[in-house]
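Nothing here was measured: the structure is a model prediction, and the numbers come from that model.
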Amino acid sequence: MGLPRRPQFTGLLAMTALPIGRKKMTDQVRVRFAPSPTGFLHIGGVRTALYNWLYARQHGGKIILRIEDTDLERSTDEAVEWILDGMRWLHLDWDDGPYRQTDRFDLYQQDIDRLITENKAYRCYCTPGELEVMRKEALAKGRPTKYNGRCRNLEDGARDGDHTIRFKAPQTGQIVVDDMIRGSVMFDETQMDDLIIRRSDGSPTYNLTVVVDDALMGITHVIRGEDHLSNTPRQIQLYEALGYEVPRFGHMSLILGPDREKLSKRHGAAAVSEFMEMGYLQEAMINYLVRLGWSHEEQEIFTVEQILEHWSLDEQKKSAAIFDHDKLNWVNAQWMKKLPPEEIAYRLAPFLEKRELVQKTPDREWLTKMVLTLRERSTTLVVMAQKAEFYFRELEYDPEPAEKFLTADVAPLMDKVYEFLAGQENYSQEALHESIKAFLETEGLKLKAIAQPLRIALTYRKDSPGLFEVMEVLGKESTLARIDKARKWIRDQ
RNA sequence: GGCCCCAUCGUCUAACGGUCAGGACGCCAGCCUCUCACGUUGGUAGUACGGGUUCGAAUCCCGUUGGGGUCACCA
């Protein structure tokens, strides 16, 4: 339909960055969002992106987008698109990237070579099958499942063939993670495993690539989910082995499902795209997500600008939060009313198209008026599109209320109302309200007497927006046609 | 199971060691009203347990319990 379509993504929000805490270029904040393109963009990933974005914008820093696609088996281009779409939908823009790790394999290889040369990594010839056996054995005996070090001190050339590269993890001492959210967390190096840093097919693995990239890209703050906390000491060992500066870490609590387990698809929606399709507003998603684990006074509804002004990473709660759809719905409903109706009309358009409801070529102004009648009773755009249906096409009467209200005894009254409305020219809701009230008074009647029958006639349902608003949006012609149709329906009964 | 993290209403969260433990969602009831909503008023409901420290503990310490995460040639 000829509805105006605006480019989905603008870099506009980048300009809302507060110039607070701006520092010299040398210690400028650099954060990154580094999703792996192995599926849909999880809502938890979105929250990570959001926190990084906020942190960068608050500190006048940069945010880098990096696609971690070293898992050649599971990574897809489609998933990369999903990530970008999600970021754009939420207006989370980035300053650099997207980089893809598959474009940077030679960089990782250089550092792997360096580790081998410096005797900080070694070739491991154990097969997946052998490793599996070792692991099962260890688990059965009830103790640590780490690699037994069989190939750790192999003579050069002692074995040949397929091999992985393992990092020789230091085994003495302790590692302290000074976490921005959790405070200091200590790990014992005896727990550290000799991680595989290069697969037998030559591709580097996650723990190596994150470290190399974060170091090379000058990342100063790593903000990510708590599920990465136990990876952190391993990564710190790698930073040190490679002689790179260790960044600051901040591990945010996870989002849980109602059963208190990590939120996933089986809890219902977990992908951004689903929320988009369910008709949630971008503003509401951001608002809801930021309130999960953080609060400011007794405020519930925040614009991005307000979040930027008040939010702070170190005020973030440490405990995991359960995703509450009811609360999201409420937040969304607030935003449905808060955004300008023209804006809602604009965003509603695709949902109307999906229901094939725009054949009437509605103009923007008309659509806005319609939105005004619907927004108080629509939690999402999908709900609004549903409720809008009667404006666009003729429907079957909802049988129960039709039988109850469209009865022979209201027929004469319907006739009178029809005649009266036929004589009216001003179909603004205010005028209609006044004139009909006055008219009914002369008839010695109350609005109540005719409200429900009229409602069924005009909207086919027993629940609807106010009658006068409906008439205004419908216009004189449709209003009369529908009342007439109801009169005939009554007669045919 | 090892290691790590966490713990205030059902849920999201407030509370410099001194508050009748506050707000929000949900739920219930009243009001508003042409229906449904919106709005509004009120109600329901919580410091996991046990020890300390202290004149005084939701708050600090220890333990228990509970929940979560993580232990891959995934990220």
- Message: Under 4.0 Å from OP1 or OP2 of B:G68: is there any side-chain N or O of A:Lys318 that close?
- Response: no
* For atom P, what is the distance between B:A14 and B:C3, given to the nearest Å? -> 31 Å
query: Going by modelled atom types, is there a donor-acceptor pair between the base of B:C5 and the side chain of A:Arg182 at under 3.5 Å?
result: no
request  = With C1' as the reference atom in both, quote the distance from B:G22 to B:G39 in angstrom, rounded to an integer.
outcome  = 23 Å
Taking a pair to mean Watson-Crick or G-U wobble geometry with both distances below 3.5 Å, B:G42 pairs with B:C28
Picking from B:C3, B:G22, B:A75, the nucleotide nearest the side-chain atoms of A:Asn207 would be B:A75
Hey, does the side chain of A:Arg135 come within less than 4.0 Å of B:A72's phosphate (OP1/OP2), counting only N and O? yes
Integer angstrom distance from the P of B:C16 to that of B:A7 | 16 Å
**OP:** Considering only atom P, compute the distance from B:G46 to B:G23 and round it to an integer number of Å.
**Re:** 15 Å
Which of B:A24, B:C34, B:A75 is nearest the side chain of A:His228? It is B:A75
Practice task
Check whether the side chain of A:Ser200 and the base of B:C73 form a donor-acceptor pair under 3.5 Å.
Solution key: yes
Quick check: A:His325 with A:Tyr280 (ring centres under 6.0 Å apart)? no
*asked:* For A:Leu263, is there any backbone N or O sitting under 3.5 Å from a side-chain donor or acceptor partner on A:His42?
replied: yes
Heavy-atom donor-acceptor pair, A:Arg377 side-chain to B:C36 base, under 3.5 Å
yes
Give a yes or no on whether a donor-acceptor pair under 3.5 Å exists between the nucleobase atoms of B:A75, that is its base, and the side chain of A:Asn231.
yes
message: Under 4.0 Å, heavy atoms only, any strand: does A:Gly225 hit a base, just the sugar-phosphate, or nothing?
response: nothing
Original post:
Considering only the C1' atoms, how many Å lie between B:U13 and B:G26, rounded to the nearest integer?
Top reply: 15 Å
In Watson-Crick or G-U wobble terms, with both distances under 3.5 Å, the base opposite B:U8 is none
**Request:** Using the P atom as the reference point in each nucleotide, state the distance between B:A21 and B:A37 in Å, no decimals.
**Result:** 36 Å
In whole angstroms, the gap separating C1' of B:A37 from CG of A:Leu467 amounts to 14 Å
Would one find a side-chain N or O of A:Arg260 under 4.0 angstrom from OP1 or OP2 of B:G69? no
task: For residues A:Tyr51 and A:Trp294, establish whether the separation of their ring centroids is below 6.0 Å.
output: no
(request) Could you work out the separation of B:A57 and B:A15 based on their C1' atoms and round it to a whole Å? (result) 13 Å
> Are A:Thr205 and B:C73 close enough that a side-chain N or O sits under 4.0 Å from OP1 or OP2?
Replying inline: no
Looking only at atom types and distance, does a side-chain atom of A:Tyr427 sit under 3.5 Å from a main-chain N or O of A:Leu421, one as donor and one as acceptor? yes
From the list A:Arg32, A:Gln316, A:Arg248, A:Met180, side-chain contact (heavy atoms from CB on, under 4.5 Å) partner of A:Ile223 resolves to A:Met180
Between A:Trp489 and A:Tyr397, ring centroids under 6.0 Å:
yes
**OP:** Using a 4.0 Å heavy-atom cut-off across all strands, classify A:Thr70 as base, sugar-phosphate, or nothing.
**Re:** sugar-phosphate
Closest to the 5' end of RNA chain B, once A:Asp188 and A:Thr127 are matched to their nearest nucleotides, is A:Asp188
B:C20 and B:C31, which share atom name C1', separated by this distance in whole Å
27 Å
